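In the text below, chain A, chain B and the rest are named by the order of the sequence lines, each starting its count at 1. Keep in mind that what you see is a predicted model, and the values were worked out from it rather than measured.
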Number of protein chains: 2
Amino acid sequence: MQTATRRDPATPADRTATEAPVHVVPRARADSGSSEDVPSPLKTLCSTCHLKDLCLPCGLTGSDVQRLDSLMFARRRVKEGQALYHEGEKFQFIYAVRSGTFKSVLTLKDGREQVTGFQMAGELMGLDGLAAGKHASAAIALEDAEICAIPYGHLSELASVSPDLQHVISRLMSREIVREHSLMMLLGSMNAEERLAAFLLNISQRMKARGYSASEFHLRMSRAEIGSYLGMKLETVSRTFSAFQQQRLLEVDKKHVRIVDLDGLTHAFEMRVQ
Amino acid sequence: MQTATRRDPATPADRTATEAPVHVVPRARADSGSSEDVPSPLKTLCSTCHLKDLCLPCGLTGSDVQRLDSLMFARRRVKEGQALYHEGEKFQFIYAVRSGTFKSVLTLKDGREQVTGFQMAGELMGLDGLAAGKHASAAIALEDAEICAIPYGHLSELASVSPDLQHVISRLMSREIVREHSLMMLLGSMNAEERLAAFLLNISQRMKARGYSASEFHLRMSRAEIGSYLGMKLETVSRTFSAFQQQRLLEVDKKHVRIVDLDGLTHAFEMRVQ
DNA sequence: CGATTCCTTGAGGCATCTCAAGGCAAGTGG
DNA sequence: CCACTTGCCTTGAGATGCCTCAAGGAATCG
């Protein structure tokens with residue numbers, strides 16, 4: 001279990017309770033174990049959400065955001081280790097992360113797993129389900145999390161009367177394609193150090209975009225999950241962390257990472273094998 | 001050069017001239033070297049296209065297809081080795097392959113290339129450009145090819161009055177995401193034999209969907225391009241082809257491939273390392 | 001017909017994997 | 001409160017799959 005880690009200078013989850021401007025979660029639901037089956041009756045308004053500049057409404061004008069408000073997205077809590085949706089499950093919603101971190105995983109018939117992404121606050125999940133009408137991957141919470149469930153049918157109705165909204169959705173899907181391109185680049189033509197450097201720099205940027213420190217953060221995922229995502233074994237991930245530490249690029253203590261030499265790390269990422 | 005290869009039982013390019021039902025390419029243009037800079041004045045109607053069940057109009061009803069017809073997509077020839085668009089180029093069109101084969105490539109600053117996909121007749125290219133308004137990859141013709149240039153602005157105008165069309169476009173983008181998921185699976189957790197087997201089975205299915213033999217086909221891409229796509233070196237691709245041949249799964253003669261034992265190949269694809 | 005490109009194959013090297021042992025922190029139960 | 005378990009991480013040593021380098025063959029082209 002990786003809950004409630006102490007002394008964390010930049011933990012999204014810790015800040016959520018005080019930052020979330022939309023309603024207050026009733027005590028009764030907060031600790032309910034069965035809260036992941038039925039969407040919570042709590043509703044969320046995009047217009048007052050602290051994530052509106054990162055999430056779906058990003059770039060939309062007032063009238064479009066108000067249209068989104070009319071959908072009153074249901075909020076839902078997902079406990080650490082639990083699935084928001086499973087591979088093969090019927091596609092009805094896309095999900096926006098409100099707090100916490102998720103991993104998206106594919107499973108091969110023989111049980112081999114591939115982590116295809118990590119999602120943080122403000123990021124969308126489930127867009128892969130549109131293709132076949134069922135989710136192509138599973139989404140698992142890496143810590144206690146909260147999401148907005150966005151009914152895709154309603155969203156696309158709304159998009160049909162608002163070209164701007166439609167454009168935002170299309171751009172988000174395109175961004176997902178581009179993101180996967182760069183991961184393919186990584187998996188196809190980088191060595192272990194480049195992969196881990198690229199990963200850490202990416203996390204760093206995303207933390208920064210969320211108002212947290214870009215140089216010091218807590219990883220929510222295990223070495224094995226990082227390894228799966230980066231196409232390497234957990235031991236190699238661990239060794240590469242140690243190597244970076246010896247090169248004075250990082251200070252690592254379990255899941256706590258401090259980037260000591262950003263330029264050096266960037267250089268490791270571009271370490272062309274000349 | 002890999003043009004006009006002899007004795008090819010299933011070559012899309014060879015058949016295009018007789019199959020293409022839409023207009024006839026005037027002699028003058030057919031051999032013009034400068035035809036890839038300016039969209040050809042030739043226009044294409046989806047409703048009469050022999051690819052309509054594979055391509056954009058797939059699943060649409062008559063009225064929506066007629067709306068697509070009204071856009072009169074420009075046709076354009078691209079010669080082998082030439083780029084349909086470059087990385088970083090302004091995004092204005094998405095492209096549908098009419099005939100020929102393309103590769104999509106990303107280039108790293110140090111010159112390393114990653115092939116992110118191969119596109120055949122009826123498949124769309126360029127959807128990754130939407131995210132940032134410029135193409136995130138380049139598209140290079142692997143043989144003389146013909147495409148439809150679909151102006152994205154017009155298409156999305158059309159989509160705003162036709163929910164079905166919008167849904168088709170969204171589904172195609174989602175399909176691209178799913179496709180990249182499985183490539184990540186491949187790059188992240190498969191060995192050389194599994195990768196090549198997966199690749200060949202995928203090509204086989206796509207050939208079949210286009211009315212060609214699923215068991216015998218011509219590869220339009222080089223060993224180096226296959227290697228880049230699959231995250232391995234060209235020598236390893238070559239050796240793996242040889243290994244499959246020795247295992248009596250394939251018969252390989254340069255770019256001509258005959259699948260002898262489909263089940264065996266499928267099994268190699270699922271070769272769990274027990 | 002030489003130049004070029006692409007493919008195949010061999011031999012040796014190396015990055016990463018595999019297997020194994022041990023440490024640390026947190027949780028559990030007596 | 002302590003012994004024990006469990007999960008995760010680190011590190012070492014040896015194995016190996018793929019890469020690198022190199023040579024040679026076959027087809028194509030000007």
In whole angstrom, what separates [X]'s [atom1] from [N]'s [atom2]?
X        : N      : atom1 : atom2 : answer
A/Glu80  : D/dG7  : CD    : C1'   : 12 Å
B/Lys233 : C/dC6  : NZ    : C1'   : 16 Å
B/Met190 : D/dC18 : CE    : C1'   : 17 Å
A/Met232 : C/dC17 : CE    : P     : 7 Å
B/Gln246 : C/dT8  : CD    : P     : 13 Å
B/Leu219 : C/dT8  : CG    : P     : 11 Å
B/His218 : C/dC7  : NE2   : P     : 11 Å
A/Arg195 : C/dA15 : CZ    : P     : 14 Å

Task: Charged N-O contact under 4.0 Å between B/Arg220 and B/Glu80 - done: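 Salt bridge absent between B/Arg220 and B/Glu80.
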
Open item on the list: With side chain to side chain donor-acceptor pair (under 3.5 Å) as the criterion, how do A/Ser99 and A/Glu146 come out once you've worked through the C-alpha distance, each side chain's angles and the decisive distance to 0.1 Å?
Closed with: CA-CA 5 Å; A/Ser99 67; A/Glu146 202 179 28; 4.5 Å; no

Task: Secondary-structure stems, DNA chain D, at least 3 Watson-Crick or G-U base pairs under 3.5 Å - done: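 If one scans DNA chain D for consecutive Watson-Crick or G-U pairs, the stems found are C:1-30 with D:1-30.
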
Kindly give the heavy-atom pair with the smallest separation between [X] and [Y], and that separation in Å.
X        : Y        : result
B/Phe244 : B/Ala268 : CE2-CB, 4.2 Å
A/Ala136 : A/Leu106 : O-CD2, 2.9 Å
B/Ala121 : B/Arg98  : CB-O, 3.6 Å
B/Gly117 : B/Arg179 : CA-NH1, 4.1 Å
B/Leu187 : B/Arg195 : O-NH2, 3.1 Å

Task: Base-contact (B) and sugar-phosphate-only (S) positions in nucleotides 9-17 of chain D, heavy-atom cut-off under 4.0 Å, - elsewhere - done: SBBBB----

Task: Cation-pi, A/Phe241 ring and A/Arg223 (6.0 angstrom, 45 degrees) - done: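 A/Arg223 over A/Phe241 ring: yes.
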
Open item on the list: Keeping A/Arg76 on the side-chain end and A/Ala149 on the backbone end, is there a donor-acceptor pair under 3.5 Å?
Closed with: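 Answer holds: no.
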
